[in-house]
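Each residue takes its place number in the sequence, starting with 1. Start at 1 and go down the list; that is how both ligands and their atoms are numbered. Just the heavy atoms: all of them, side chains too, but no hydrogens, waters or symmetry mates, feed the values below.
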Amino acid sequence: MIKFLDLQNINAKYAAELKQVAAEVIDSGWFLMGERLSSFENKLAQYTGAKHAIGVANGLDALRLILKAYIDLGIMKEGDEVIVPANTYIASVLAITDNRLVPVLVEPKNASFNLDIDLIESHITPKTKAIMVVHLYGQVIWSEQLTALAQKHNLKIIEDNAQAIGAEWNGIKTGNLGDAAGFSFYPGKNLGALGDAGAVTTNDDVLAKHIRALGNYGSNKKYVNEFQGLNSRLDELQAGFLEVKLKYIDAENQYRRHLAAKYLNGIQNPKIALPVPENTGLATENNKEHVWHLFVIRCSERDQLQEYLTANGVQTLIHYPIPPNKQLAYKEMNGLDYAITNAIHNEVLSLPISPVTTEEEVERIISILNAYSN
Ligand SMILES: *Cc1c(COP(=O)(O)O)cnc(C)c1O
């Protein structure tokens with residue numbers, strides 16, 4: 001069986017360094033808010049180019065804390081609207097509703113799966129305060145038109161960068177494009193911890209200071225609580241692990257681009273639609289706008305194709321089977337209908353792509369797909 005994601009193998013490559021970190025942290029007796037956290041935060045800030053990086057407990061918290069801080073700072077208030085792509089993972093939407101803000105879902109583009117920037121303006125109302133862009137499947141969603149729109153309507157742009165660490169737009173890394181960004185280091189993400197972890201990046205000094213306090217009980221000084229905060233900290237072990245793995249992220253992302261190019265050149269089956277990178281002017285391996293967190297194909301007989309791949313020894317997943325507005329958790333949105341989003345959720349299938357997926361495996365998957373006729 002070709003595994004979709006072999007986390008054991010992915011981390012085995014770095015086992016010696018990771019075990020060294022674990023031993024040092026255990027011996028130090030210092031587990032939270034220590035040197036490893038500051039060191040990783042500095043490295044992440046340097047890597048993205050953003051002025052501040054703040055480690056938090058997970059990716060959902062990163063997004064929740066950004067919005068909570070904007071509310072505390074008087075930039076948004078309960079009932080305000082945040083634009084978000086309709087086909088995102090539910091965490092983007094949960095961060096909005098958890099803060100009693102209102103998600104306004106906007107359709108993606110059919111070919112790239114990313115938010116259709118042309119559709120944003122018609123959804124802007126006097127209550128709109130932010131656009132949460134999601135660099136979905138690892139591909140940057142950004143344009144000059146987007147920043148002009150945000151400027152014109154005085155909106156914050158928040159990046160959900162859970163899936164696209166290392167991607168670039170015009171030489172600027174994701175996480176340093178908008179007003180603030182949330183990262184997830186969930187084990188399966190391109191930069192994965194060995195447990196839950198996340199971060200916020202921003203160039204905004206006031207926002208950074210506030211988020212840092214909010215994630216630590218609303219406190220800048222022990223037992224002095226200025227705000228009603230949460231407990232959302234990135235521990236020393238995970239920070240140490242992430243610092244090790246951050247050194248290898250560019251090489252791993254480049255290998256993902258190599259595998260993606262192989263899939264794009266090799267899969268030729270009229271029943272299967274391939275992902276279309278937004279910036280088609282560049283060859284895939286040189287296209288820094290994509291880090292291929294997922295390689296997502298489409299097929300109108302998706303479930304049959306998935307069964308066929310399973311029968312042929314290829315494990316696949318669906319990202320995602322049900323859009324947020326069709327989830328029971330959002331009954332109030334169940335009546336909304338988004339044609340493009342619905343079609344995407346019915347037709348997408350994610351193929352294996354990871355730092356330990358081999359070229360031979362990709363070649364085998366390509367021939368299996370090309371032989372699919374139903
Ligand atoms: C993974 C993910 C999140 C949430 O990250 P966690 O670390 O699991 O909380 C948010 N948004 C997107 C798009 C994601 O893929």
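On a distance-only criterion, Asp196 and ligand 1 share no N/O pair closer than 3.5 Å. Residue Thr88 has no nitrogen or oxygen atom sitting less than 3.5 Å from a nitrogen or oxygen atom of ligand 1, judged on distance alone. Backbone and side-chain nitrogen or oxygen atoms of Ser184 are examined, and one is located within less than 3.5 angstrom of a nitrogen or oxygen of ligand 1. For Leu60, a nitrogen or oxygen atom sits less than 3.5 Å from a nitrogen or oxygen atom of ligand 1, counting backbone and side chain alike. Residue Tyr186 has no N or O atom closer than 3.5 Å to an N or O atom of ligand 1.
Aromatic pair Tyr137/Tyr89: centroids not less than 6.0 angstrom apart. Aromatic ring centres of Phe227 and His210 lie closer together than 6.0 Å.
The shortest heavy-atom contact between Thr316 and Leu349 is OG1-CD1, 3.5 Å.
Nearest to atom 15 (O) of ligand 1 among the protein's heavy atoms is Gln163 NE2, 2.7 Å. Counting protein heavy atoms only, atom 13 (C) of ligand 1 is closest to Asp160 OD2, 3.4 Å. Nearest protein heavy-atom contact of atom 1 (C) of ligand 1 is Lys189 NZ, 1.5 Å. Here the protein heavy atom with the shortest distance to atom 10 (C) of ligand 1 is Ala91 CB, 3.3 Å.
Note: Phe185 and Phe40 have perpendicular aromatic rings, judged against thresholds of 30 and 60 degrees for the angle between ring planes.
For ligand 1, the atoms sitting less than 4.0 Å from at least one non-hydrogen atom of Ala162 are 2 (C), 3 (C), 10 (C), 11 (N), 12 (C), 14 (C), 15 (O), numbered in the order shown with element in parentheses. The contact set between ligand 1 and Gly59, taken as ligand atoms under 4.0 Å from a residue heavy atom, comprises 5 (O), 6 (P), 7 (O), 9 (O).
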For this session: Evaluate side-chain hydrogen bond (donor to acceptor under 3.5 Å, both in side chains) for Asn334 paired with Gln327, printing each intermediate quantity in order.
Result: CA-CA 7 Å; Asn334 285 176; Gln327 297 283 0; over 6 Å; no
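For the pair Lys245 and Tyr14, the cation does not sit on the ring face, since its NZ or CZ is not both under 6.0 Å from the ring centre and inside 45° of the axis.
Distance alone, capped at 3.5 Å, places no donor-acceptor pair between the Glu289 side chain and the Glu278 backbone.
Taking 4.5 Å as the limit, some side-chain heavy atom of Tyr330 sits within range of a side-chain heavy atom of Glu332.
Ligand 1 lies out of reach of His293, whose nearest heavy atom is not under 4.0 Å from it.
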